[in-house]
Q: 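Have a look at this one before I ask anything.
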Amino acid sequence: MQDTLKHRGMRNKLAEVLISKGITDTVVLNAIRAIPRHLFMDSSFEAHAYQDKAFPIGADQTISQPYTVAFQSQLLAVKPNQKILEIGTGSGYQTAVLLKLKAKVYSIERQLELFKKTNIFLKKLGYRPKKTIFGDGYKGLPEEAPFDGIIVTAGAPEVPKALMSQLKIGGRLVIPVGLDEQVMTLFIRKSSTEFEKKEFGSFRFVPLLEDKN
Ligand code: SAH
């Protein structure tokens, strides 16, 4: 599959839809306009790739809806060269958005099949995360902490303590919290012990699964 002018036109339209739904961050919108989302999905979904919808990517997982990706990216407020940890690499689409925002990206995925497939795919397209890790994102990545930002792209029944502790002072954690439905939650670390918490609308994610071993 290729990226064509037609795809680019569809992405511009998608960006307009996201603007109409309240996305305002122009850097995020430009990333959406630039990244060929149709290549991150099975070719049978190509015709739908620029609708504002989530789609299956195998291993019971989904590529998040573009609005959700844009909303979370906007809340994360990435600045160039910041160190960002992503939990749930999935298709790699959110990873690509973070890279377009010029972040240094560390991304963790717990499904081996997806981990392998997405690694090969991102490399092929020229996306270069600092590190991709096969493992349990509940634990974060202590050896690379602290992070300027942490983004969780699966629904967390509770906020993993490890992730809070791996944030820099001033750092931001964007995480959907809840079981069946999640409240998008932003934590900003104010000091070693204090966090500011802000809640946004409700979303639906596949669950963040903990590896209990
Ligand atoms: N950002 C991805 C979202 C994929 S869905 C995209 O847009 O394509 C969420 C992903 O989180 C799934 O791939 C799932 O396997 C992964 N996941 C769930 N629990 C996890 C955990 N504890 N650690 C790392 N990844 C996890």
Side-chain angles (χ1 to χ4, degrees), residues 11 14 18 28 31-32 34-42 45 48-76 78 84-101 103 105-122 125 127 129 131-142 144-145 147 149-164 166 173-182 184 203-213:
R11 286 204 286 281
L14 173 60
L18 299 183
V28 170
I32 302 279
I35 299 169
R37 185 173 188 255
H38 62 286
L39 301 181
F40 290 74
M41 305 165 44
D42 191 275
F45 297 119
H48 308 289
Y50 296 105
Q51 291 175 354
D52 190 20
K53 285 188 184 155
F55 283 99
I57 51 174
D60 277 340
Q61 304 304 329
T62 54
I63 177 171
S64 298
Q65 184 181 340
Y67 174 75
T68 305
V69 173
F71 192 79
Q72 287 197 280
S73 302
Q74 184 167 291
L75 284 183
L76 200 60
V78 178
I84 304 292
L85 176 64
E86 176 189 31
I87 312 296
T89 317
S91 69
Y93 181 72
Q94 173 75 69
T95 317
V97 170
L98 296 170
L99 289 167
K100 271 276 179 250
L101 303 178
V105 183
Y106 298 77
S107 188
I108 309 180
E109 172 56 55
R110 69 175 286 285
Q111 290 261 5
L112 186 58
E113 183 192 329
L114 266 179
F115 172 77
K116 286 185 185 161
K117 191 171 132 189
T118 300
N119 260 304
I120 294 169
F121 171 75
L122 285 175
L125 259 71
Y127 292 107
K131 221 184 225 180
T132 54
I133 300 100
F134 169 60
D136 180 8
Y138 253 89
K139 302 179 181 71
L141 196 61
E144 296 289 349
F147 295 95
I150 302 178
I151 175 171
V152 180
T153 70
E158 66 203 84
V159 183
K161 293 225 167 51
L163 300 185
M164 303 280 269
Q166 290 172 28
L173 167 63
V174 177
I175 179 166
V177 185
L179 277 175
D180 297 333
E181 217 177 54
Q182 294 83 29
M184 192 60 74
F203 290 79
R204 251 174 218 279
F205 284 80
V206 295
L208 182 73
L209 300 171
E210 189 170 7
D211 292 335
K212 310 224 183 218
N213 53 38

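We're numbering straight along the sequence, starting at 1. The basis for the numbers below is simple: all heavy atoms, side chains too, and nothing from hydrogens, waters or symmetry mates. When a ligand or atom number is given, it counts from 1 through the structure's own listing order.
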Q: Would you say CD of Glu181 has more than 12 non-hydrogen atoms from neighbouring residues, nucleotides or ligands within 6.0 angstrom?
A: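 Atom CD in Glu181 is packed in, count exceeds 12.
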
Q: Could you tell me whether Phe203 and Phe71 have their ring centroids closer than 6.0 angstrom?
A: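 Aromatic pair counts; centres sit under 6.0 Å.
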
Q: Considering only residues two or more places apart or on different chains, which pairs with a residue in residues 54-66 satisfy side chain to side chain donor-acceptor pair (under 3.5 Å)?
A: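 Checked against side chain to side chain donor-acceptor pair (under 3.5 Å) - neighbours excluded - the pairs reaching residues 54-66 are Asp52-Gln65.
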
Q: Identify all pairs of nitrogen or oxygen atoms, one from ligand 1 and one from the protein, separated by less than 3.5 Å, and list them with distances.
A:
unit_1, atom_1, unit_2, atom_2, d
ligand 1, 1 (N), Gly88, O, 3.3
ligand 1, 1 (N), Thr153, OG1, 3.2
ligand 1, 7 (O), Ser64, N, 3.3
ligand 1, 8 (O), Ser91, N, 3.0
ligand 1, 8 (O), Ser91, OG, 2.6
ligand 1, 13 (O), Glu109, OE1, 2.7
ligand 1, 13 (O), Glu109, OE2, 3.3
ligand 1, 15 (O), Glu109, OE2, 2.5
ligand 1, 19 (N), Leu209, N, 3.0
ligand 1, 22 (N), Asp136, OD1, 2.8
ligand 1, 22 (N), Leu209, O, 2.6
ligand 1, 23 (N), Gly137, N, 2.7
ligand 1, 25 (N), Arg110, N, 3.4

Q: Go through the side-chain N and O atoms of Thr153 and Gln94 and say whether any donor and acceptor fall under 3.5 Å apart.
A: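 Looking only at side-chain atoms, Gln94 and Thr153 do not form any donor-acceptor pair under 3.5 Å.
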
Q: Within 45° of the axis and under 6.0 Å from the centre of the six-membered ring of Tyr93, does NZ or CZ of Arg37 qualify?
A: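 Yes, cation above the ring, under 6.0 Å and within 45°.
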
Q: Whether the side chain of Tyr50 engages the backbone of His38 through a donor-acceptor N/O pair (distance < 3.5 Å, no angle test) should be reported.
A: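 Side chain of Tyr50 to backbone of His38: a pair is present.
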
